[in-house]
Every structure is written in C-alpha cells, then in structure tokens.
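Residue numbers start from 1 in every chain, and the chains themselves are labelled A, B, ... in the order their sequence lines are given, proteins ahead of strands.
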Amino acid sequence: MVKTRFAPSPTGFLHLGNARTAIFSYLFARHSGGKFVLRIEDTDRERSKVEYEEAILKDLDWLGIEWDEFYRQSERGDTYREFVDKLLESGNAYPCFCTQEELQREREEAQRKGVAYRYSGRCRSLSKKEVEELRREGKSFTIRFRVPDGETVVFEDLVKGHIAINVDDFGDFVIVRSDGSPTYNFVVVVDDALMGITHVVRGEDHIPNTPKQILIYKALGFDVPKFAHLPVILGEDRSKLSKRHGGVSVKAYREEGYVSEALFNYLCLLGWSPPNSDREIFSKEELVEIFELKDINSSPAVFNRDKLLWMSGVYIREVLSVEEVARRLIPFLRDAGYRVEEEYLKRVLEFTRDSFDTFSEAVERLKPFFVDEFEIEDKFLGMLEDMKSYEILSEFLSIVEESKPQNTEEVKKLAKEIQKKLKVKPKEIWHTLRIALTGSLEGVGIDILIALLPKGSLSLRIKRVLDRIS
RNA sequence: GCCCCCAUCGUCUAGCCUGGCCUAGGACGCCGGCCUUUCACGCCGGAAACGCGGGUUCGAAUCCCGCUGGGGGUGCCA
C-alpha cells in the first residue's frame, strides 16, 4: 500500500512551497488509496517552536489536508540509537574526532584550490585502541557514515527521471552530532523506513541528500522507497520563493480572506496540469481522482498572485454557495465592526458576490450595506451642488418615507418617476443617489443598495446630505 | 569553483516519450469593443512564445550534441 508523508519543521509558518508539497503528497496518497502521514520534524530545539507547529496544523486543516498518522520527532526518544549501533558494528559508520575548527580549515583549503570539498577521512581507519584512547581522553566526537569509494548511486525519480550521483562528490558525512543527537539525513531514513513510507514526495532541494539516504537505507537493510522530487516555486524575480518575497505564508492568505479551496486548486496548477484537459477549476475530490505524479512538470514555476486572486474570485462567485460565502465572510465583517445579520447578508451577497475576489475585499466593497457613516469628498459634494441634487433627493426622500422600494424593479420605477417630474437625466439621478448614499461614484449597484438597505439608513443618509447642500 | 536539475507567450501551462494533424492550443495579466447609473462581473476581439548554434531526417517545438541562461545543492540546518 502506498504511504506518503509530509514532514515540516516548526521553525516558521507554513510556506506556499511546503504547502504545495503537502498537497501533492496528500493527493498522491489519496489517489492511490493509501495513507498520508504528518511528521513534525522538531529536533532542532533552538529554532523549533510550538506556536509554529500549531500554526502549521491550523493551515493544513484550513486547506483541507487531513492526515492518517501523526508523529512528533522529538517524542521518538532514542529510536535511532539501535540503528547507529548497527552501523557502527557493521563498520558502515565510525567515530570521528576531528574538531569543527579542523574541518573548517579543510573546507577553506578546498575552496582555495577550487575543488569540491569532502571530508578527508582522517578518522576513517582509527584502530579500536586509538578510538578507546581518544574517548578516554574525553575528546568529543561525531559519528560518520562510511561512504564507499567511487560508487555511483542511481535512482529513478518519479518526476525528474533517471538521476545518477557519484558519492565521491560528498564523502563521509556526519550522522550523529557531538552532542549525541542524530542528524537529519539519518533520522529521516530511520523514520521513513519504520513508518513504512513507500513514496517520498519532497522539494528538489533534497536531491543532493537522496544518495546519502539511499546508502543508509541499504546499509541498514531497509527497502529503498520511491522518490518524487518536486521543482521549487519561484518568486517574481525567479529566485526560490522565500520570506523576502513577502506574503508567502499560507497564514497570510487565510487572513487576507482568500478562499482556501482556491489556494489549494491554484497551488496544484503550479507544476501540475491535468491530462487532456484545459480545465482549471477542480474540487479536492476531483483532484484526488485525476492526480498523478507523472503529470508533474519538471521545471520550476513562478508564483503568480494575480492568478490566485482571480481564482479566489471564481470560487466566491461561481463555486461556493451564497450560504457558504456568507458563513465565511461573517467573521471578516464582524472584525471590521459591522453589525451583521445572516439573512440580510445573504440577500446582499445574492447581488454582490461577483464584485470581489477575497473576503477582505468584500469588507470594503459591502461597507455601504452596513455602515451609515462615511465621508463625502469635496469634489463629489461639488458635483451634488452642480446637479439638481437637492430636488432629486427631497423627492426621493418623500417617496421612500411613504413606501420604500423592495426590489430593483421598484427602484427603477421610482427613478423614472423622479425623472419625469423633475425633468432631469437618469444619469443625474443615479449619480446623485450614489454620492448621497455611499459618498463615492463607484461601487456596487445603487439600485440594489436602495432595495436592500433599511428605510432608516436610507433616510438618515439622505437627510444628512440634504442638510449639507441646502 | 564543483555537483545536480531545468529551458514553449510577461506568468502558469498543452504539445515533446510514440517527429508530419502546430498557421503552436488554453488560462491569468495586458490592450480594444459590447453590456451599463459607476466600479466590477459577463461576453466578443487583439497583441504576445518554441533561448542560440550545430547535427539526425524527406520533415524537428518534438530526437542527439554543444553553448547560453535560470534554479538548487555544496553544514555537527531541516
């Protein structure tokens, strides 16, 4: 059975790149009828924070990625100890007493000579006696994996295809630090093997690690999983997407009021495309159905905020129901201090949801439906004075006081009445009402606003303007 | 420097494996028009790409080589 995992380290918020990795990994597992594991890699005690772990969980949940098994690396104790011993016994690993200063010097030396750095192997052939001696002296040591000379590790990457790397490029590497803690390359192998991971789906920045890990798998007698290395996501400047680019955390998009399904959908289209189809809007279920690793593009993709924004809008106006949009929008409206009633909001959305792409944009856009207080710019006030606004508004007010129009048809009829009676152009009426009711010349349909706004708000706003221009 | 990966409109991509159906398709964005009480939405139309050079072949975006360009890695981080 297929089993994949997503293994974030809680050293920051969930990043768009990692989110996409999680999505692909999740989709592949579900598509194959397999299991998806979430493993928090929190062994870096310095940088790992519980707040980040909580935030990552929240973001995954928001995206609709659910996991079947959960692990926290810090709670796995000395699971790794026995495997280190095994490697030590088999001679695949050995203690190394070189100090960081010595190694640093070797590295600089290599740099100067312009050759690829690799560990000199000085402690490679220490005799048992020498090792005991050094340990008795209390010298600290690391444990290195003995990399067989001249070997070429080959694997068939599910995305990149055939990859061959000569191990001489890196040389013996550390698997246990001098403080006794195991390093990433070692832990990841033991964990993946013990958890039965069959397919490792991760970013292509891990390609250089893969041969090291394959060597460990083999030395430990574990089955080597299949690998799928995803191309990285780039920023507008074509460098790897990072904090520098701003707005790269899932959290930022959640708080900005993007539709989560749209982010999920958009991220899928970054580096993957459906076979034989021009479609772009897919539900999670549909994606589970059609997603295949083989359809992943092997070149890096630039993240495009505009398209994500557009897609969020598509979800708001075409995919989600009015009820659903209302439900998700309410917290944003309340945060902005609006007094919201669900039934009223739903009626408003019926007519307005095609005019915004995110919930925070909706807060601005729908303001006239909820807030009676607003400023009118001088230029608009000037326009009111130029038009026959006083007459229009007085007439409008008296009609509304008597019987407020309940739908856009009635509003239009009312406008015609005023037009006939005062002999003014329709445009003049609409512009006057728009400025008087919203303080601006652009925004949602003014007929809708009049039809839906309570009578009280309507007359309050009109009277206020009447006072100012009389 | 060394190692690895990648290369179709500005961006995401289809096509490439299994050469001819490609006058290179779709989407975002952009430009123009329509709709209209404004802004949006929607609809119609447009500009816009096979990085370069060699091969192979009757024929190459598609196969091969080189160059160039971009990305990643080069830790007792993950």
Looking for any heavy atom pair under 4.0 Å, which part of the strands does [X] touch: base, sugar-phosphate only, or nothing?
| X | answer |
| --- | --- |
| Cys98(A) | base |
| Thr142(A) | base |
| His229(A) | nothing |
| Arg317(A) | sugar-phosphate |
| Ser178(A) | base |
| Gln100(A) | base |

Phosphate-side-chain proximity, Lys425(A) and rU37(B), N/O vs OP1/OP2 below 4.0 Å: no
So, does Arg353(A) get its side chain near the phosphate of rC41(B), meaning an N or O under 4.0 Å from OP1 or OP2? no
For Lys160(A) and for Arg144(A), locate the closest nucleotide of RNA chain B by heavy-atom distance; then report the residue assigned to the nucleotide nearer the 5' terminus. Lys160(A)
With nearest nucleotide decided by heavy atoms, which residue, Lys212(A) or Arg365(A), maps closer to the 5′ end of RNA chain B? Arg365(A)
If you measure from the [atom1] atom in [N] to the same atom in [M], how many Å do you get, rounded?
| N | M | atom1 | answer |
| --- | --- | --- | --- |
| rU56(B) | rA60(B) | P | 12 Å |
| rA47(B) | rA27(B) | P | 15 Å |
| rC22(B) | rU8(B) | C1' | 12 Å |
| rA14(B) | rG59(B) | P | 29 Å |
| rG25(B) | rC50(B) | C1' | 13 Å |
| rU23(B) | rA48(B) | C1' | 16 Å |
| rA61(B) | rA49(B) | C1' | 10 Å |
| rG26(B) | rC3(B) | P | 43 Å |

Please give, in whole Å, the distance from [N] [atom2] to [X] [atom1]?
| X | N | atom1 | atom2 | value |
| --- | --- | --- | --- | --- |
| Leu308(A) | rG29(B) | CG | P | 12 Å |
| Lys412(A) | rU38(B) | NZ | C1' | 14 Å |
| Arg279(A) | rC28(B) | CZ | C1' | 18 Å |
| Leu158(A) | rC5(B) | CG | C1' | 16 Å |
| Leu437(A) | rU38(B) | CG | P | 17 Å |
| Ile281(A) | rG26(B) | CD1 | P | 17 Å |
| Ile165(A) | rG73(B) | CD1 | P | 13 Å |
| Lys427(A) | rU37(B) | NZ | C1' | 7 Å |

Let's see if you can work this out: which of [options] has an atom nearest to the side-chain heavy atoms of [X]?
| X | options | value |
| --- | --- | --- |
| Lys240(A) | rC4(B), rG72(B), rG42(B) | rG72(B) |
| Leu103(A) | rC76(B), rC4(B), rA78(B) | rC76(B) |
| Trp430(A) | rU37(B), rA78(B), rA7(B) | rU37(B) |

Using both distances under 3.5 Å as the test, list the Watson-Crick or G-U wobble partner of [N], or none.
| N | result |
| --- | --- |
| rU38(B) | none |
| rC43(B) | rG33(B) |
| rU68(B) | rA7(B) |
| rG59(B) | none |
| rC2(B) | rG73(B) |

Candidate pair Arg5(A) and Asp191(A), rule salt bridge (charged side-chain N to carboxylate O under 4.0 Å, His left out), full reasoning: CA-CA 10 Å; Arg5(A) 46 71 165 181; Asp191(A) 279 347; over 6 Å; no
Asp172(A) and Arg118(A): salt bridge (charged side-chain N to carboxylate O under 4.0 Å, His left out), yes or no, with the steps? CA-CA 7 Å; Asp172(A) 298 352; Arg118(A) 45 174 298 198; 5.5 Å; no
Would you sort out whether Glu350(A) and Lys346(A) count as a salt bridge (charged side-chain N to carboxylate O under 4.0 Å, His left out), showing the intermediate values? CA-CA 6 Å; Glu350(A) 201 82 57; Lys346(A) 282 199 281 197; over 6 Å; no
Annotated protein contacts, base or backbone, on nucleotides 12-18 of chain B with a non-hydrogen cut-off under 4.0 Å, one of B, S, - each: BSS----
Which atom names give the shortest non-hydrogen contact between Tyr266(A) and Asn304(A), and what distance separates them? OH-N, 2.8 Å
Can you name the closest pair of heavy atoms from Lys404(A) and Ala451(A) and give their distance? NZ-O, 2.9 Å
Does the Lys NZ or Arg CZ of Lys139(A) fall within the cation-pi geometry relative to Phe97(A) - under 6.0 Å from the ring centre and within 45° of the axis? no
Regarding Lys367(A) and the six-membered ring of Phe374(A), is the cationic atom NZ or CZ under 6.0 Å from the ring centre and inside 45° of its axis? no
Residue pair Glu391(A), Lys388(A): steps toward the salt bridge (charged side-chain N to carboxylate O under 4.0 Å, His left out) verdict: CA-CA 6 Å; Glu391(A) 290 84 342; Lys388(A) 288 174 100 175; 5.9 Å; no
Going by atom types only, do Asp42(A) and Gln73(A) share a side-chain donor-acceptor pair under 3.5 Å? no
Between the base of rC76(B) and the side chain of Thr183(A), is one N or O donor paired with an acceptor at under 3.5 angstrom? no
Dump the intermediate steps for side chain to side chain donor-acceptor pair (under 3.5 Å) on Arg76(A) and Thr43(A), then the final yes or no. CA-CA 10 Å; Arg76(A) 292 175 57 73; Thr43(A) 44; over 6 Å; no
